Each structure stands twice: as structure tokens, then as C-alpha cells.
K.L.:
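What follows is a structure written as C-alpha cells; I'll ask about it next.
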Amino acid sequence: MNEPTQTNTIAATPQLVARWKTPDTFLLTLTGDWRTDGVLPGIEAVREELTKPDAKGKKVEFDTAGMTGWGSRFVMLVARSRELCQKTGITFVPDSLPEGVRRLIKLSEAVPDKKDAQRETTKPAWLQRLGEDAIRAWSGTVEMVKFLGQQVIALGNLFRGRAQFRWSDAWLEIQECGPQALGIVALINFFVGLIITFVGALELQRFGATIYVADMVALGTTREMGCLMTGIILCGRTGAAFAAQLGTMKVNEEINAFKTFGISPMEFLVLPRVIALVLMMPLLCVFADLIGMFGGLVVATFTLHIEPMQYIQRSIDAVPLKSFLLGIVKGAVFGFLVAFTGCFRGMRCGDNAAAVGKATTKAVVDGITAIIALDGIFAVICNALNI
Amino acid sequence: MNDLKIELKDLSMAYGSFVVLHDINAQIKRSSVFVIMGGSGCGKSTLLRGMVGLMAPAKGDVLYDGHGFWSADEDARHAMLRKFGVLFQSAALWSLMTLAENIALPLIEYTKLPPNEIDAIARLKLALVGLKGFEDFSPAELSGGMRTRAGLARAMALDPEILFFDEPSAGLDPISSRNLDQLLLELRDSLGATIVIVTHELQSIFAIADDSIFLDSETRTIRAHGNPKELLAHSTDPTVRAFLTRGAEGAVKASV
């Protein structure tokens, strides 16, 4: 039992020698530089000695005369030994430790552990989680409907001329989400038109009906792809921007500042954004339709060798007015969806930077999901009504 | 004219089922500086939110000139809001507008003044807080102290009867902080406004407060009530003494 327990013997590196100085005193002799990032001697041997049943009532001392430096890892070792002593009923004698170490240990124990501050880590049962998720989903839906209702009231106030609303703000938003989006809308829709033409041409060529590719592209873009792609682009571009702007304003208490002045954020901030997108989306859709068909024209002319004038004529003949209008109506609806999800997520944002990021992500995900889902519903309704 | 401006009646504030403050009763005199003080997390800011209409109390009411705020209907509440000026902790200037626009907006919404007059008022308010010439700056271009002063100018835009401040000197250097105190007193004296301040800055508290309440995070209600200087002289409550003497006396409680 009185045998020294050595853990490390290389010179200059930190060493810990633990032995029974007297039958009642366990001495830990520490030498070397303990500031290293390398391997430190473990306290397993110490732990083993101290947890023996007959160690109770004895004491632990330190000898640090040969130690040239110490850091947090050393303090940790001392704190651990101390904890061990407290658990096993051994007297801990810190007197010969460096002054700084003693003070740090004391400081770390000055404020007792706040038990309720430690997080509950147990995972709730799956049924409980399912229930909580359901409750959360329900309250989220209720809030969304409420937001929609407030939106309608704000719109009503606008028509009665009572809204706290400035057309100059709406104008700025219109500029931001309309003309400035032209570039990206043109680029994406050009490529979509191009892709549809290639895919269609491959099939139609087999039947010698290449010219019908014009019909396909014209119908496809005006009815579906034009508004769908534009909706998705604006969701990632403008919807995300709305959520981030409003979310940051919430974090900065700017929204609260509006409220304390009796200015309704719903009318002053949300309404101009919704109006801007609902007005701009149909226009962007018309633009997207034209660009998409132009994409088709390029492929048809250069790879399928169709006369441009012929292609254009077929395109015009192929699209009934109602299909064209359907695309535009859908565009307006998608515009509302994008503005609504963006503003809703922004206004519901928490009060820190991470929450703004989350709100933006959710705005985009919600927006795209809503657009695709509603497009499906539109397709079913149009099919039933034979539009 | 009644001497009483604001009355807190049996006010309780709660987040869901978690009660932050309960049974808050206090009376605030006209044209006085009233300080709400206490350690971190004692519910000072929550109480302020209940007073300025941002958060409905779980129980009780706030009376302004004898009229209940939370028991009033929407229009009446709106009318009361017009008499408030609020300076938020980080000033909360509207970041998409210039300083002059920040101050002009409430005037545009609530008055029928012509644009040139509104512009002149905005300039005047900025000059009052020492920001003459900064009319066209955006909030992001200002230092913290300037932002606080600009926030103060905006709070004063509608010549409010009551000014609320949420930790106005947070993040300010000692001299700016002292200048702000001077400015507050000056405004109180010249405008006759009633001022309610949430703060834990001892020097400010002793320099400007006429009356105060001390909120305690443990009992979650008012622990002491009175002029801070008198509280320091006469209070025997160790927690209050510890707070007012920066822990030199009384029960020192670490709230880390």
C-alpha cells in the first residue's frame, strides 16, 4: 500500500507521483510544466487509492515545489481530486498548492450550483412529442389565420382611406420586387423555355411533328411554367428579403417602436409589401411567358430549323386567351402567397440573430410549398371547369 | 388639476403561466422622475412593456390621468398612446429612414401640419438633443450615444406628456451618460413631462430620481418604494441596501 504509484517519468514533462507519506496522509507530488497541450498524467491511480474503503477519514496533501507552470487543466485535476475527497470522506488539504490555484478553486465554488439552471435532457416519449407537435402546428395555423384576418382588415382600412399607409413605401417595394427582378426572371425562364423545347422536340421528331413544339412551349409556359418559376424565384428573392427585413426590425425593437406610436405595423409595413408583390407578379408573369417562348424560339430556329415567323405564328395560335389569363391570375395569387409567408414569418420572428435566419428559411420553405400545393389545386379546379 | 399622473393597480405580468411580477401598486406624480430599479431579470423591462401597451398584464391595470389603459377600448387606448414617448434600450430607430424621417413620421401620422413645418419641427427636436446637422444621416451611421439621443428626439416628437425610458444609459460612456441625465432633467423642467425610467445605473438613479420602486426577482414584486436617497439613508432591507451601495453593504447576492 505504501508503494509509490508512478504515472509518468519523462523529465520536464508534467509528472504526478502519488504515495502514502504516512499511513494517514496521501501525498501527490507534482513536477514539470503543466501548461502543456500534450498528455497529462491521469488520476486513475489516485482515484483507485482514494476509493478504497479504508481510505475514509485520511487526508490528501500536495507537493508542488517542483512544478514550473500550471493552467486550466491542472486546476481541473485539483478540482476533480477535491470532489473525489468530498465524496469519499477524505480531508482535502490545499495549503501547499500555488496561491492562484487555491483562489480559482474557491471562486468556482463561491456560487452554489443552480440546480434548476441545468437543462432537462431526458427525451419525452414519442406520443408526448407527437402531441406537442400537433398543438404547436394547430397554434401556428391559428396565428396564420389571425394574420390573414388582420391583413384583410388592413386592406379594408386602405380602401376606406383610413390605413396608416404611404404609397411612397409601396412604390419603393414595387421597384425592389418588380424591375429589379427582371434579370433573374428572364434568365431562369429563358432556360426553362429552352429545356422544354429540347425535351419536347426529341419526342415530336419521331412523329415528324416538330412544328408542334411551338404549341407545347407556348401552352406550357403561359399556363404553368411562367408563373410557377417566377413565383419560386420571387419567393427566394423577395419573400426571403421581407422575412429578414421584418425579422431584423423586430429584433431591434423597431416594430415595438411603431406600436408605441400607435402605428400599425400591419398597415405600415406589411401592406405595402403585399400590394407591391400582388401588383408586380402578374406583370412579371407576362414577361416570363414571353421570355420562355423566346427560349423555345431560339432552340427551334437553330437546332430544329423551324422558320422563326412560322414558330411565332403557331405560338400565338396555340394559346387561348383563357390559358394566358389563368397564368396571370395564378401569378397574382402566388405573389400574395410569397408576400404573406415572408411577412408572416418576419413578424413572428424571435428576438435574436439566429431567429432571423430561421424566419427567413421558413419563409422560403413555406412559400415554395404553398405555391406548389396551390398550383396543384389550380390544376384540379381547371380540369373540373374545363378551362 | 389632480397631482397624480400614473397609477399602477394590482398589476401582474406573466409569460404564459410564468408570473414575472405580481401585485404591483404605485402612484406616479405629475412632472416627476420615477425610476423602476432592480437587479438583472427582475422584470423591470416587462413592467415597462405593460405600461406602454406592448404587453397586456395578466391582472390589474395602468391608469393614466385616472383612466384605465387596458380596460379602455381600442380607440381610447390609441388616444392615450399619443401622449407617450418611448425610448427603447437600443434606441430602436427605424433603420430604413433618415433621422429627420424618423422624427417626422409620427408627426405625419398624427398631425395635419404642412410638410415644411414638420421638417422644421424635426430639425428643432434634433437640435434639442445636440444633433443639429445630422438630419439626413441614417441610424446606422451614428454612434451609440448619438443613437440614444436621436431616439430621445423621436420620443419627444409629439410633445408627449409622459416619457418612458428603457435603460437609456446602457452602453454609454460615463460622460455621455451624465449628459443624458442632464438632458432628461432639462426636458422635464421645460416640458413639464412625467418621466418613467427603467435603469440599474446607480449614479443616474441618485442624480435624477424623485421617486422609485425596487423590484425583487425572488419575491417578484415591489421590495422597496421611495426616493432612492432616502432609501439609502433609512432602508434596513439588506437586499435594497446591497443594491444601492453596489454590494458594499447588506446581503451580497451574486446573480450570475
Side-chain angles (χ1 to χ4, degrees), chain A residues 106-114 116-117 135-136 139 150 153 157 161-173 175-176 241-242 244-273 346 350-353 356, chain B residues 16 41 45 48-56 69 74-97 101-110 115 139-140 147 150-151 154-158 160 162-167 252-256:
Chain A
K106 208 168 151 196
L107 194 62
S108 74
E109 284 167 358
V111 181
D113 243 12
K114 203 167 176 230
D116 53 350
I135 292 169
R136 218 171 295 137
S139 68
Q150 289 170 339
I153 292 171
N157 283 344
R162 280 188 51 190
Q164 291 160 320
F165 173 86
R166 298 193 302 183
W167 277 104
S168 59
D169 289 338
W171 188 244
L172 274 179
E173 295 300 336
Q175 241 177 349
E176 175 57 40
F242 286 176
Q245 273 175 359
L246 296 181
T248 312
M249 290 178 84
K250 184 125 192 244
V251 173
N252 283 342
E253 290 196 284
E254 288 178 44
I255 305 272
N256 279 344
F258 278 118
K259 284 185 191 161
T260 53
F261 271 116
I263 297 172
S264 153
M266 198 58 76
E267 293 173 7
F268 196 82
L269 296 172
V270 177
L271 208 51
R273 287 170 166 79
D351 51 9
N352 56 61
V356 176
Chain B
S45 292
L48 194 76
R49 291 164 73 86
M51 291 176 78
V52 300
L54 284 175
M55 184 179 159
F69 180 87
E74 186 116 16
D75 286 338
R77 217 181 287 171
H78 214 258
M80 281 189 230
L81 279 180
R82 244 210 82 162
K83 298 181 194 164
F84 297 173
V86 186
L87 172 60
F88 289 90
Q89 208 169 101
S90 52
L93 294 166
W94 296 310
S95 48
L96 298 175
M97 304 179 203
E101 285 171 342
N102 260 284
I103 294 155
L105 181 63
L107 292 163
I108 294 168
E109 289 297 326
Y110 285 107
R147 245 177 268 174
R154 186 181 67 183
M156 295 188 309
L158 295 169
I162 309 164
L163 278 164
F164 295 92
F165 299 95
D166 189 3
E167 310 210 7
V252 184
K253 236 185 4 175
S255 56
V256 186

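Just so it is clear: chains get the letters A, B, ... in the order the sequence lines come, proteins before strands, and each one is counted from 1. Computed from a prediction, not measured in an experiment: that's the story for all the values here. Computed from heavy atoms alone, side chains included, the values below leave out hydrogens, waters and symmetry copies.
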K.L.:
A/Thr260 and B/Phe164: side-chain contact (heavy atoms from CB on, under 4.5 Å), yes or no, with the steps?
P.N.:
CA-CA 10 Å; A/Thr260 53; B/Phe164 295 92; over 6 Å; no

K.L.:
Using non-hydrogen atoms and a 4.5 Å limit, figure out which bit of B/Met97 sits close to chain A: side chain, backbone, both or neither.
P.N.:
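Only the side chain of B/Met97 comes within 4.5 Å of chain A.
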
K.L.:
Between A/Glu254 (side chain) and B/Ser95 (backbone), is there a donor-acceptor pair under 3.5 Å?
P.N.:
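Side chain of A/Glu254 to backbone of B/Ser95: a pair is present.
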
K.L.:
Might you point out which heavy atoms bring A/Gly262 and B/His78 nearest each other, and give the distance in Å?
P.N.:
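Looking at all heavy atoms of both residues, the shortest contact is O-NE2, 2.7 Å.
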
K.L.:
Rounded at 0.5 Å granularity, tell me how far CD in B/Gln89 sits from CG in A/Asn252.
P.N.:
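Separation between the atoms: 12.0 Å.
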
K.L.:
Roughly how far, to the nearest 0.5 Å, is CD of A/Gln164 from CD1 of B/Ile108?
P.N.:
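B/Ile108 atom CD1 to A/Gln164 atom CD measures 12.0 Å (nearest 0.5 Å).
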
K.L.:
More than 12 heavy atoms of other residues, nucleotides or ligands under 6.0 Å from CG of A/Asn352: is that the case?
P.N.:
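Correct, the count exceeds 12.
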
K.L.:
Please classify the contact of B/Leu93 with chain A as side chain, backbone, both or neither, using a heavy-atom distance under 4.5 Å.
P.N.:
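Backbone only.
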
K.L.:
With rounding to the nearest 0.5 Å, note down the distance linking NZ in A/Lys259 to CZ in B/Arg49.
P.N.:
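Taking NZ in A/Lys259 and CZ in B/Arg49, the distance rounds to 8.0 Å.
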
K.L.:
Could you walk me through whether B/Leu105 and A/Phe261 pass the side-chain contact (heavy atoms from CB on, under 4.5 Å) check?
P.N.:
CA-CA 10 Å; B/Leu105 181 63; A/Phe261 271 116; over 6 Å; no

K.L.:
For B/Trp94 versus A/Ala257, what's the shortest heavy-atom pair and its separation?
P.N.:
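Minimum heavy-atom separation between B/Trp94 and A/Ala257: NE1-CB, 3.7 Å.
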
K.L.:
To the nearest 0.5 Å, what is the distance between CG (B/Leu54) and CD1 (A/Ile255)?
P.N.:
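B/Leu54 CG to A/Ile255 CD1: 11.5 Å, rounded to 0.5 Å.
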
K.L.:
Pick one of side chain, backbone, both or neither for B/Tyr110, based on which atoms fall under 4.5 Å of a heavy atom in chain A.
P.N.:
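The side chain, not the backbone.
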
K.L.:
By a 4.5 Å heavy-atom criterion (distance strictly below it), what part of A/Phe258 contacts chain B: side chain, backbone, both, or neither?
P.N.:
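Backbone plus side chain of A/Phe258, per the 4.5 Å heavy-atom cut-off to chain B.
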
K.L.:
Checking heavy atoms, do the side chain of B/Arg77, its backbone, both or neither come under 4.5 Å from chain A?
P.N.:
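Neither part.
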
K.L.:
Measuring heavy-atom distances to chain A, does B/Val86 have an atom under 4.5 Å in its side chain, in its backbone, in both, or in neither?
P.N.:
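Interface part for B/Val86: side chain.
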
